[in-house]
Structure formats: C-alpha cells, structure tokens
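Working notes for the structure below.
Along the sequence shown, the residues carry numbers beginning at 1. Source: prediction; values computed, not measured. Counting convention: from 1, in listed order, for ligands and their atoms alike.
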Amino acid sequence: MNRPDFTLSAGPVESWPEVHAALTLPTMYHYDPSFIALFKETQQKVQRLFGTTNDVVLMQGEAILGLESSARSLVYPGMPVLNLVQGVFGKGMGYWLRNFGAEVHEIEVPYDRAVSPDVVDDYLSKNPDTELLVYCASETPSGSISDLEGLSRVAKRHGVVTLVDAVSALGSVSLDVDSLGIDVCVSGAQKCLGGTPGISLISVSDAAWSVIRNNPEAPKDSYRSLLDWKDKWLDQEVFPYTPLVNEIYALDAACQVALAEGMESVIERHRKASRVARAGVEAMGLDLWIEDSSALGSCVTSIALPERISHDEIRTSVRRDYGVMISSGQGAGNFVRVSHMGPTATLLHPILAVSALGRSLVDHGMELEIGRGVDAALEYASSIRE
Ligand SMILES: *Cc1c(COP(=O)(O)O)cnc(C)c1O
C-alpha cells in the first residue's frame, strides 16, 4: 500500500527531521563515555521539559511500559487508591490498579467531560486513608484535558501521592511537575514532542521512591522495574540492561528541538493549531464532540459524526481517497480525531485535515460548507499569525 501523504492521526505522530537524522547515527557501545554523557544529558533535558529536579528514568518501551511499571511499583495489595476516569486511558489504568491488588475507588464522568477537582476534594475528605491519586492529564482518545492545577491543589491538601499520565499533555498543556507537585509523571516522545515511540519518560519524587521502596510487591530484577533503574543506573551508573542506543539519540534530538523552541512556545503552537481546527470544523457545519470548552485539549480535535456514518468507515475513506491518516473514536464514541502534534501543530496542517475530512463526509452524503470552514480557519490563522 502507498504511504500516507499526511499523518494527522492521534499518535504516534510525524517526527521531526532532527529525530530521523539522529536515528541514523552509528550505534555506540553503551559504556562508551560519549554515550554515558549523552544519556545523562538526555535525562537532564527531560527534567527541564518536565520542570522538575526529581529523578528521571528513561525506561525502554513506549509510554505504556512506563505507566504499567509505575502503577505496579507503587501499588501494594489492599492499597486504597482513587482513580479518575474521564477517558479510555483512565479506564485502562483502573483495570491495572485492580489487577495489582489495589482497593480502587473510581470517580468516572462521561468521556466528553472532565472530573471536577471539588468532587475529588470531597471524596478525599471523606476517605482520608486514600494513599494514591491517579489520573490522565490529557485523554488523547477523546481530546479532553483534566484540571491539572485544581487536581494538584487537592492532592497537596490531602497529602496523597500522585501518578499522572502526561503522555500527550507534555507539550500541549502547561505541565510543571515540581510546582504541581506530581510524584510520578509519565510521558513519551511520540506525541507533542514529535519523537519516536520507543522510550517512556518517568519522573519520580522522593516521596514516591519511599512508597516504592516500602512496597514488597514492587518489581525488582525485571524489565518493568523502576527500582532497578534507581539502584543500578541512578545510584551506581550501571545500566540494568543494554539501553536502546539509537532511541536515546532520537529522544535527545526531540528534547533538543523542544528546548530550542522553548516549552511555552511549543504549548502555544499546539493551542493555536487546535483553535484553527475548531474554527474550521464549526464553520463547516460540524460539531466538536466535546462541548464543554474547559475540557478541550490542544493535541487532538474530536469531531462528532451523525449516527449513520461510522467513524471507522470515515477514517478509512479519508486515508484511501485523500491520503490523510486521521484517527477514529477508539471506543469512546462515534467521532473522528484529527491531531495537531509535534511538527504538525502548525496553522495549516489542521486546515488540510479538516478539509479532507469534510470532503469525505460530503462523499458520504452529508451537506457541509467546506469552503466556509476553510475560510474561517484561514481567517483565524491569519488573525493570530506573528
Ligand atoms: C499515547 C498515549 C499513551 C501511550 O500509549 P502508546 O500509544 O501505547 O504509546 C498513554 N496515555 C495517553 C494519554 C496517550 O496519549
């Protein structure tokens, strides 16, 4: 099959040319002093992107490994845990937490909304023995975000340890791990950083390390072990196993691109791209799947479809007929998602995605004013250009 003309799906996303170039460098021996220096510099770059002085572990596998490993490391059988569910990843985390033996309570809302920090505050006041609060900062499968500041304030007030899925939040919302007081923050390079899906980025606070160290169930001598990375690499500079050398080159390059631009500018670029997409979608006569504007994120735009047109069918048609890869609703509902992450968080990529989508919907019998949508998106893009 031919390659896509444009990859505007919800991740992995198109990666930066600097990342491709880095991947092609010759593989080095992992104890070469030059690789050790690079590995440490990459860790420091991730710390800067996270806004943290906490330890950073670069675990070898896409972000799901980091999320599973963090949850396994923190949770002991019977641990009282509060899990917030406003999307597919929050839901999946709940299955893991129960599997690992936690006593899980969930606050769940429809996936086009965000959990209110007040409800969390109320629960924690009534259940002061809760030890861990888990949530997803940006639900990529539906395009919603959490109230990070509000949830952090509540977590601090009640002194609970926090585990946050920030995979698509890093680069699309303001995420300052230390000022938010996030204990374990997990992200990846393959979303807003425009890197490749090979390494989990995990920051771990001292408080989280002590929970993990006191947990007899925390994995040790295992590929999933955070403690191995702490005891062997962070404390003794011995790798627990051979690092994915070229993936580290790629991660370093993706971090470098973000740091050279500046994280605030990266976030602003994602915000602007999402506004362009919304302007186009609404003027064309389509509806955003998320109505509550405070819950709208900037990494993907979710567009509601009429019941008679299936999201999977549209995703296939847009790719086949117009060469653009977008995403379907991934189990959250009948909608499609266009992403604007990494190198595609520009003013024009969302217009391309929205016009290809619009035309495909017209092909399926909908009446839309594609031209009006494109005009409105361009008008908005023009009004915010620098
Ligand atoms: C992408 C993503 C993950 C990790 O999933 P993979 O696609 O397997 O890397 C986890 N959580 C969120 C919110 C994500 O967007």
**Item:** Contacts of type salt bridge (Lys or Arg N to Asp or Glu O under 4.0 Å), residue Arg275, not counting sequence neighbours
**Value:** none
**Asked** Would you find a donor on one side and an acceptor on the other, under 3.5 Å apart, between the side chain of Asn54 and the backbone of Asp183?
**Response** no
**Asked** Restricting to pairs with a member in residues 290-325, which pass ring-ring contact (aromatic ring centres under 6.0 Å, His included), not counting sequence neighbours?
**Response** none
**Item:** Shell of residues surrounding ligand 1, defined by a 4.0 angstrom heavy-atom cut-off that is strict
**Value:** Glu62, Ala63, Ile64, Leu67, Phe89, Cys136, Ser138, Thr140, Asp165, Val167, Ser168, Gln190, Lys191
Just distance, no hydrogens or angles: give the donor-acceptor pairs under 3.5 Å from side chains in residues 93-105, sequence neighbours left out.
{"from": "Arg98", "atom 1": "NH1", "to": "Gly94", "atom 2": "O", "distance (Å)": "3.4"}
{"from": "Arg98", "atom 1": "NH2", "to": "Glu106", "atom 2": "OE1", "distance (Å)": "3.2"}

**Prompt:** Distance-only, no hydrogens or angles: does the Glu369 side chain make a donor-acceptor pair with backbone N or O of Gly285 under 3.5 Å?
**Reply:** no
**Message:** Tell me if the CZ atom of Arg48 is crowded by more than 12 foreign heavy atoms within 6.0 Å.
**Reply:** no
